[in-house]
Amino acid sequence: MKKLLTTAASIALVSALSISAVAADKLKVGFIYIGPPGDFGWTYQHDQGRQAIDARLGDHAETVFVENVPEGPDAERTITRLARQGAGLIFTTSFGYMDPTLNVAAKFPDVKFEHATGYKRTDNVSTYGARFYEGRYVIGQIAAKMSKSGVAGYIGSFPIPEVVRGINAFLLGAQTVNPDFKLKVVWANSWFDPGREADAAKVLISQGADIITQHTDSTAAVQVAEAQGVYAFGQASDMAAFAPNALLTSIIDNWADYYVDRTQAVLDGSWVSTDTFGGMDTNMVQMGPFVNMPADVKAMAETTTAAITAGELHPFAGPVYKQDGSLAAAEGEVVDLGTLLGMDWYVKGVDDQL
Amino acid sequence: MSPYEAILLTIITASTPLLLAAIGELVVERSGVLNLGIEGMMVMGAVCGFAAAHVTGSAWLGVIAATFAGIATSLLFGLLTQTLMTNQVATGLAITLLGLGLSGLIGSGFVGLPGVKLANVSIPWLSDLPYVGRLIFGQDPLVYVSIALTAGVAYTLNHTRMGLIIRAVGQNHASAHNLGYRVVAVRYACIAFGGATSGLAGAYLSLVYTPQWIENMTAGRGWIALALVVFSTWIPGRLAAGAYLFGGVWILGLYAQGMGVGIPSQLLSSLPYVATILALVIISTNRRLSLINTPASLGQGFVPDR
C-alpha cells in the first residue's frame, strides 16, 4: 500500500499510479478522505478502519485511498477514477461527497458505494453513519459535574443537523446534572483550520467557559485547553496524548468492524444497499478512558454509557423542549429518527441562534 | 487577565503570522516580482520548524530551521522565474502546491508528536504591570520580530540607498539595469527575504499559535497575506494596520458569536474579507497614491542584454 500525498491538482495522476500497483485478483476497496489521515481526528479513524480491512481480509482484499479530496467537482473525478481503475467497493467518507457519489454510482452499476453520513441511497449506494450524539450526552453529563463556572464552550464546524444534534445531546446530558448549565457555541465555519479552532477555544475560555468541546477535526482546541488549565474532550479519536491533564475522555468513531463487514459482504456476494446508523450498541461509537475526574463522576459516566449501550437510555427521551420553549417530545416519548436526522433547532438553554 | 487583555492578545496572535508573511512579500513585490508561493513557503517553514524543534528540543533552532526552509523554497522560485524565466504566476502556484505536498511528506513522521512552544518574553516587573504588562512586555518573541521587521522594511525602502535600488528595480528594470544595477541579483535577494519571513510565519503557526504539526495547517493564510500586500498599496505601515484589522475583525467575530449576538456565523466569518475589500476600495479612490506605489514592473521577467 502506497502512502499517497496529493493536492487537488495532482489527485488524478497520483490515484492512477496507486491503483495500478494493486494486484489484479483481489477485491479493490477504495477510500476518499476529506482530510489527511494524520489529522488524529475524523480521517484518522476512517484510515484505521481501512487498515483493519488490510489486516483482517488482506488475503482477499486490498485497499487504496486518496486524501485531501475537496467536496465538489474534484470528488466526482476522483471517485470516477477509482471506479474506472477497478475498485469494487468505494467508501466516500464525508457528507459533501453525497451527490458526486450518486453521480458516479449511476455510471458504474457493478461497483458498490458506501457514503458516510449521507441520506441518499440507490441500488449500489449504501449510507452509514454513527450516533455520535450518544457520546455527546455522556460528555455533557461529565462537563456539568466537572465545571465550576457552569458554562461550557462548544466549537462547531458548520450548522448542519449532525453538529446541531451533538450540541443538543451535550446540553441535554449536562442538564440532567445541572438544569441551569449554560452552553456557548462558536462556529469555526471550517472542518479543519487548527489556528481558527485554537482562536475559538481562547475566545470561549475568556468568556467564562471552563470546559471546551469541539466538533471540528484537529487537536488544536484540546491543546489550548491544556495550556490554559481548563477541561476538554476529544473528538473522533482518542486525543489524550495532546492534553494529558485537560482531557476527560474522547468520543471515538470506530469504523473498523463496519468496514470489514461490508468488505466481507462484497466478497460473499451478499452486499445489498442499506442504511446503517450505528451507536454504542454496535460499538461504532466508543468512549475513551475516563480520566482526570473523581471516582463518582467516572462511575456516573460509566453507568450512563452502559445504559445507552443497553438501549435503556435515549439521549433525546422526552420531555425535550426547543429553544423557543415549545415541546419537541413529551414525557415518555423520544424525538423520532427523522427529526434527529434533519435537526435544525436547538434545545432550551443553548446560548446561540441558528 | 481581564477580557479586553484576552481579546487583544488573541488578536495579536492571529495577526502576527499574516504580518510576517506579508512584509516579506511586500519587499518581493517592490522589487518587481510576484511570488504567489507564500502558502507553500509558509507550510514548509511550519513543518521544518516543528521538526527541528522536536528533534533538538529547542524552539529557537526550530525558528532558524523554518527561516532556512522558507529561503530554500523561495530560491527554487527564484531559480525558475529569474534564471529560467518561467511565468511567475504559474510558478508561484506550483510552489504552493509543491510546498503543501512536500511538507506532508516531510511531516508524516511528526504528526501527533508533542511540540515545543516558543516561550513568551518575561521581563521582571515590566511584564507584570497591570493592563499593559502582558500586552507590551510579555508577548512571544516573534511578535516583536514582526514589528521590528515592519519598521526596518519601512525605513530601508524609504530612507536608504538599498531601498532606492529595490524600488528602482521594481519600477523600471531596464532603467535600473542601464544604470548598472544587477536587477536579477537584487530580485534574488528580495525573493530570499520573502522566503525567510514566510518561513518565520510558518514557524509562528507550528511553534507558537498551535504548537504541533498538522498537514495543511496554514489553511489559506498565505493567500490572505498576499491580499494584504495589495490592500496596503505596498506601504509597510498600512500593511501592519491591515494585518491587525483583519486579525481584529476575525477574532471579534468569534467573540460576537460567543456572546450570542444574533448575527449568522457565516456572515461574521466573512466580515474580515468584507472589511479588507471596503478598505481597499476606499484607498484606491485616490488613484494617484496607488499608482505611485505600484511597482510598474510587477510580475515581469527581466533578461539582461549581455
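From a predicted model like this one, the values you see are computed outputs, not experimental measurements. In the text below, chain A, chain B and the rest are named by the order of the sequence lines, each starting its count at 1.
Counted by atom type alone, A/Y154 and A/R136 present one or more donor-acceptor pairs between their side chains at under 3.5 Å. For the residue pair A/Q214/A/E197, the side-chain donor-acceptor check at 3.5 Å is not satisfied. Side-chain contact check for A/E71 and A/S94: at least one donor-acceptor pair (N or O, by modelled atom type) lies under 3.5 Å. A donor-acceptor contact under 3.5 angstrom links the side chains of B/T86 and B/T91, judged on distance only.
Both the backbone and the side chain of A/V186 have a heavy atom closer than 4.5 Å to some heavy atom of chain B. For B/T218, no part lies near chain A; criterion is any non-hydrogen pair under 4.5 Å. For a residue to count as touching a neighbouring chain, one of its non-hydrogen atoms must lie under 4.5 Å from one of that chain's; by this rule A/S218 touches chain B with the side chain only. B/W213 does not touch chain A: none of its heavy atoms, backbone or side chain, sits under 4.5 Å away.
For the options A/A209, A/S206, A/A241, heavy-atom pairs under 4.5 Å to chain B are most numerous at A/S206. Interface summary for chain B: among A/G195, A/S190, A/A188, A/P159, the most heavy-atom pairs under 4.5 angstrom belong to A/G195. Put simply, of B/A256, B/P17, B/A219, the one with the most heavy-atom pairs under 4.5 Å next to chain A is B/A219. Comparing A/I205, A/V203, A/V224 by heavy-atom pairs within less than 4.5 Å of chain B, the highest count is held by A/V203. Ranked by heavy-atom pairs under 4.5 Å with chain A, the first of B/T13, B/I214, B/N216 is B/I214.
Between A/H46 and A/W255, the angle of the ring planes stays under 30°, which puts this pair in the parallel group of the 30/60° scheme.
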* To do: Evaluate the criterion ring pair (Phe, Tyr, Trp, His ring centres under 6.0 Å) for residue pair B/F246 and B/Y273; output intermediate values, then yes/no.
  => CA-CA 8 Å; B/F246 192 93; B/Y273 304 92; 5.3 Å; yes

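Note that the CG atom of A/D210 and the CD atom of A/Q228 stand 12.0 Å from one another [nearest 0.5 Å].
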